[in-house]
Amino acid sequence: MTTPSQIRTRFAPSPTGYLHIGGARTALFNWLFARHHGGTFVLRIEDTDEVRSTHDSVDAILNSLRWLGIHWDEGPETLEKDRGPYAPYFQMKRLDSYRAFARKLLEEGRAYPCYCTKEELEEMRRLAQLEKRPPRYDGRCRKLADEKRREFEAAGKKAVLRFRMPDEGATTVPDLIRGNVQFENALLQDFVIMKASNVPTYNFACVIDDHAMEISHVIRGDEHLSNTPSQLQIYKALGFEPPAFAHLSMILGPDGAKLSKRHGATSVLEYRDQGYYPKALRNYLALLGWATAESQELFGEEELFRKFSIEGCQKSPASFDPAKLLWMDGEYLRKLPTPELLDAAKPFLEKAELWGKPGLEKVAALEREKYKLLSDVPKLLDFFYKDDLDWTEKAKRLVGDGSRGMLGDLAAELSKLDSFTAKPLEDTIRGFCAARSLKTSQVFHPLRAAVSGRTEGPSLFDMLEALGREKVIERLRKAVHPN
RNA sequence: GGCGCGUUCGUCUAGCGGCCUAGGACGCCGCCCUCUCAAGGCGGAGACCACGGGUUCAAAUCCCGUACGCGCCA
């Protein structure tokens, strides 16, 4: 058995786009597992897809993970800089190692060059389908005579390197989540390990690196389960001790289809831009495909580390539920002390030109249990600072002809108030109602509408106090005498 | 097409042979609190545990099929 200190997990994304929700969840589980065992979490960039990999994607992935607060112990710091004893962490910087192992397999007869063209391969596939055989490579280049090989080389034909699969027996994938999963070797094909460009394929490079980086647990998406027996054969051929595997169920959209743009945001950074609180998203993601025996919902960071386990991982796919995420976000924001909340909402406040406004903290505190997103903060309090209110239809109706006179009188009374604070305001206004035999609602609602332009908002008297005498009187005056 | 994986309220899930007339959470509905909106409290609707066979005194839980969904190979 490995001792806890030897636990090493990794997240190995391909930089071919933004980091999506599913990838983030995989990264998160690897991180949690490593932390739970006091191990190490490695980030490795699998950029061997020469045409689709971009530097922007690397940046997006690093930024997404940082924003989510998923900290890697080893891996790239920036595009240029790595940190950790197994550097580099970009596969394209590790080509020598793949080539060396490929050569070894070639020399030992475990791999062979294949000169088949795209056309030949397609023909092979077509024929197989016609004969209702699995459409796999038929191994024709396995027994290519040396002279034939030289002939191809002379003709300038490019070769890929294929791994020679055993023809018989079965390969068992011991999976921590799914148990032992068996695959017939005869059904596995001689897959390409090195492309014609002398760059390794995913299935080869990741074996070499997981071994080189001493990864103890490969926790990854379910879509890799079918590739695992092929990888296991590479481990065997090279005499490597394979890591433990755990294949996570996929994340689906709310309708049960594969999560895609159609369902709304799929990129982590989109959630940031919409105003989600990173710890809330992280908490929500942890619950997609994992649960405790108590079905606990909200976790502190340390608590997540402590309670996370592979045993709690779900076999069946999980649907992403935006409504629950939104609830959870509100749950986190409500717990946040106001200064921290404002700090987190800073980008949104800045955009609304509210950052640094006087009394912001006081005003923000009045609405604190209502924010579901950080972007709600400016939305819910901008009326405090606006000169021209955005009147809602409902609010307009409330300050109609029926209540103008009353509001005018009330304004006169309020302007005489010594202390413009909640308690005296409440006493005065309630007294005003009593003196005129008005129901409080007949006064409170039009008053709220008149000073805020809306019918929803903070507690009336706190709101009046926060607005201050000048603004309240001014707004009442404007409401009573619209131009 | 072959192989593989999966299937408990709309959704996330608890459950690992008797405690289940299936528990929690989100969402939905109602009531309470209340100056509005929220938040909070209380309650409700909502799952014949995909279907069909077994095994067993007893199955959501074990076994075998079927269906459906998904993945991989191309």
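Reckoned from all heavy atoms, side chains included, excluding hydrogens, waters and symmetry mates. Chain letters run A, B, ... following the sequence lines, proteins first and then strands; every chain starts at 1.
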Separation of atom [atom1] in [X] from atom [atom2] in [N], rounded to whole Å:
{"X": "A:Glu369", "N": "B:G41", "atom1": "CD", "atom2": "P", "result": "14 Å"}
{"X": "A:Glu223", "N": "B:G71", "atom1": "CD", "atom2": "P", "result": "9 Å"}
{"X": "A:Tyr137", "N": "B:C73", "atom1": "OH", "atom2": "C1'", "result": "16 Å"}
{"X": "A:Lys335", "N": "B:G40", "atom1": "NZ", "atom2": "C1'", "result": "14 Å"}
{"X": "A:Trp327", "N": "B:C28", "atom1": "CH2", "atom2": "P", "result": "13 Å"}
{"X": "A:Leu333", "N": "B:A39", "atom1": "CG", "atom2": "P", "result": "13 Å"}
{"X": "A:Ile429", "N": "B:U36", "atom1": "CD1", "atom2": "C1'", "result": "14 Å"}
{"X": "A:Leu248", "N": "B:G71", "atom1": "CG", "atom2": "C1'", "result": "14 Å"}

Taking [X] for the side chain and [Y] for the main chain, is one N or O donor matched with an acceptor at less than 3.5 Å?
{"X": "A:Asp222", "Y": "A:Lys315", "result": "no"}
{"X": "A:Glu393", "Y": "A:Ala395", "result": "no"}
{"X": "A:Asp175", "Y": "A:Val181", "result": "no"}

Ring center gap for [X] and [Y] short of 6.0 angstrom:
{"X": "A:Tyr284", "Y": "A:Phe320", "answer": "yes"}
{"X": "A:Tyr137", "Y": "A:Phe191", "answer": "no"}
{"X": "A:Tyr277", "Y": "A:Tyr371", "answer": "no"}
{"X": "A:Phe461", "Y": "A:Phe444", "answer": "yes"}

For A:Asp49 and A:Lys195 the tightest heavy-atom approach is CA-NZ, 4.3 Å
Mapping A:Lys370 and A:Asn203 to their closest nucleotides on RNA chain B, which lands nearer the 5' end? A:Lys370
With nearest nucleotide decided by heavy atoms, which residue, A:Ala323 or A:Met250, maps closer to the 5′ end of RNA chain B? A:Ala323
In whole angstrom, give me the gap between the [atom1] atoms of [N] and [M].
{"N": "B:G65", "M": "B:G6", "atom1": "P", "value": "14 Å"}
{"N": "B:G71", "M": "B:U55", "atom1": "P", "value": "37 Å"}
{"N": "B:U13", "M": "B:C20", "atom1": "C1'", "value": "16 Å"}
{"N": "B:U21", "M": "B:C48", "atom1": "P", "value": "15 Å"}
{"N": "B:G52", "M": "B:C12", "atom1": "C1'", "value": "29 Å"}
{"N": "B:G27", "M": "B:A47", "atom1": "C1'", "value": "16 Å"}
{"N": "B:A14", "M": "B:G23", "atom1": "C1'", "value": "6 Å"}
{"N": "B:C51", "M": "B:U8", "atom1": "C1'", "value": "15 Å"}

Using both distances under 3.5 Å as the test, list the Watson-Crick or G-U wobble partner of [N], or none.
{"N": "B:U7", "result": "B:A67"}
{"N": "B:G18", "result": "B:C57"}
{"N": "B:G2", "result": "B:C72"}

Within a reach of under 6.0 Å around [atom1] of [X], are more than 12 heavy atoms found that belong to other residues, nucleotides or ligands?
{"X": "A:His20", "atom1": "NE2", "value": "no"}
{"X": "A:Lys279", "atom1": "NZ", "value": "no"}
{"X": "A:Lys335", "atom1": "NZ", "value": "yes"}
{"X": "A:Lys439", "atom1": "NZ", "value": "no"}
{"X": "A:Lys157", "atom1": "NZ", "value": "yes"}

Quick one: label A:Arg368 by what it contacts on the DNA or RNA (base, sugar-phosphate, nothing), any heavy atom closer than 4.0 Å. nothing
Would you give a per-nucleotide map of nucleotides 4-18 of chain B, 5' to 3', where B means the base has a protein non-hydrogen atom under 4.0 Å away, S means only the sugar-phosphate does, and - means neither? SSSS---SBSSS---
Show the distances under 3.5 angstrom between N or O atoms of the protein and N or O atoms of nucleotides 43-52 of chain B.
none

Using the 3.5 Å cut-off, write out each protein N or O paired with an N or O of nucleotides 32-35 of chain B and the distance between them.
unit_1	atom_1	unit_2	atom_2	d
B:C35	OP1	A:Arg430	NH2	3.3
B:C35	O2'	A:His445	ND1	3.4
B:C35	O2	A:Arg448	NH2	2.4
B:C35	N3	A:Leu460	N	3.0
B:C35	N4	A:Ser459	OG	2.6

